[in-house]
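To keep things clear, I will list the structure first and then write my remarks on it.
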Amino acid sequence: VQSDALDLTIRRRCGLAWRMALAGAYGDWEADPTSALALLILEATAPIFLVGALGWVWMRAGQPFPTDFTTRLALNASMPALLFAALARSEFTMEEFLALSGATLAAFVAATAVTYAALRALGLGTRAWLLALVNGNTGNLGLPLALFAFGEEGLAAAVVIFCVQMVLTFTGGLWLLSGEASARDILRQPVLYGMAAGLAVKFSGIEAPLAIMRSVDLAGQMAIPLMLMALGVSVARMNVADLGASFVASVLRMVPVLGA
């Protein structure tokens, strides 16, 4: 990354007071590209942890949090709206979309194969472990991280990755967990329709009415905060009974990365 590019990004995204407040922690950001990059990483990741921490504090304070309702609202109403808006406004071409989708599919297949081999070598059940270890947290963590780090174009790319993973989860994932995956169950997933509608608007050249896009934007803006808060609540409720199994799971999560 060029120093001039980082300097320009910092000037655009950080106010003078904010830069001065962090100068002691990150050094002379104007002269040190590493400090500038550290500041950008902080800006991209801090909102994710803070909103997740809000859910953790909410739960620890004894406040009610209907996780099932919140998750259903985010996945079945707000997330389809977010996917539609991001894809409809995206600037990538059909070739770029197909290339990114194909790369995501190839990475998922490779990660599945490597993780499956590792589970078999360790004598662990693939049905209980494989899906949880292979599926990345590309929704409530990946989407905001891509948005804050790379802007709207980064969000659009992350949405494509998320959509491919959702399709694979609702097909191969359901089959892995239950031993069967019916087309009826797959077609009942609203996120797939949000994705399909967004791609249809994008590649057909149709311009959706402003009132529709504003409504979709409002609905979609709920998705990431709700999912991050739900994640924080889940962490607050977590009771780790077997640290050994947790450590093994954490190491196995890295197996696809190392294998790649």
Side-chain angles (χ1 to χ4, degrees), residues 1 9 12-13 37 40-52 71 73-112 131-173 189-203 213 216-232 253-254 256-257 260:
V1 181
T9 304
R12 287 176 175 175
R13 294 181 57 185
L37 183 59
L40 290 177
I41 293 174
L42 176 65
E43 287 185 324
T45 57
I48 298 172
F49 287 103
L50 290 175
V51 177
T71 304
L73 176 64
L75 289 179
N76 295 333
S78 188
M79 184 57 73
L82 175 64
L83 299 182
F84 173 84
L87 291 172
R89 292 195 178 100
S90 63
E91 298 182 359
F92 49 70
T93 64
M94 175 64 77
E95 292 75 13
E96 292 170 338
F97 169 76
L98 293 176
L100 181 56
S101 299
T104 303
L105 177 61
F108 190 89
V109 171
T112 302
L131 185 61
L133 294 176
V134 170
N135 267 353
N137 204 335
T138 57
N140 51 1
L141 293 182
L143 295 181
L145 184 61
L147 174 63
F148 298 145
F150 305 109
E152 293 294 335
E153 292 183 6
L155 176 63
V159 163
V160 173
I161 296 172
F162 175 73
C163 289
V164 173
Q165 180 174 304
M166 287 295 97
V167 171
L168 294 172
T169 298
F170 292 136
T171 53
Q189 307 302 325
V191 291
L192 301 182
Y193 293 101
M195 175 188 69
L199 290 174
V201 171
K202 160 65 181 174
F203 292 118
M213 293 305 298
V216 170
D217 285 337
L218 284 176
Q221 288 168 5
M222 298 187 298
I224 292 174
L226 285 176
M227 294 174 70
L228 287 175
M229 285 196 67
L231 181 62
R253 288 280 291 186
M254 297 300 297
V257 178

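Panel note: side chain S78, backbone A223; a donor-acceptor pair is recorded below 3.5 Å.
Taking each heavy atom of A44 and F148 in turn, the nearest pair found is O-CD1, 3.5 Å. The minimum heavy-atom distance between S90 and A156, with the atom names listed, is CB-CB, 3.7 Å. The shortest non-hydrogen separation linking A158 to G142 is CB-O, 4.2 Å.
L100 contributes atom CG, which lies 5.0 Å from atom CD1 of I161 (distance to the nearest 0.5 angstrom). Atom CG of L98 and atom OG1 of T93 lie 8.5 Å apart (nearest 0.5 Å). Annotation: the span from R89 atom CZ to D217 atom CG amounts to 4.0 Å, rounded to 0.5 Å. A distance of 11.0 Å separates CG in L155 from CZ in F162, rounded to the nearest 0.5 Å. Considering NZ of K202 and CZ of F92, their distance stands at 6.5 Å, rounded to 0.5 Å. The CD atom of Q189 sits 7.0 Å away from the CG atom of N76 when rounded to the nearest 0.5 Å.
F49 CZ: 12 or fewer foreign heavy atoms inside a 6.0 Å radius. Annotation for E153: atom CD does not count as buried by contact number, only 12 or fewer foreign heavy atoms lying within 6.0 Å.
Between M227 and L75 the shortest side-chain heavy-atom distance falls below 4.5 Å. Considering only heavy atoms from C-beta on, Q165 stays 4.5 Å or farther from T104 through its side chain. Within the 4.5 Å cutoff, side-chain heavy atoms of L105 are placed close to those of L168. Within the 4.5 Å cutoff, the side chain of M195 has heavy atoms near those of the V167 side chain. Between V51 and I224, every side-chain heavy-atom pair lies at or beyond the 4.5 Å cut-off.
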Please determine whether side chain to side chain contact (heavy atoms under 4.5 Å, CB included) holds for the pair M213 and V201, giving the CA-CA distance in whole Å, both sets of side-chain angles, and the decisive distance to 0.1 Å. CA-CA 11 Å; M213 293 305 298; V201 171; 6.0 Å; no
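For L226, the side chain to side chain contact (heavy atoms under 4.5 Å, CB included) criterion is met by T70, L73, A74, M222, not counting sequence neighbours.
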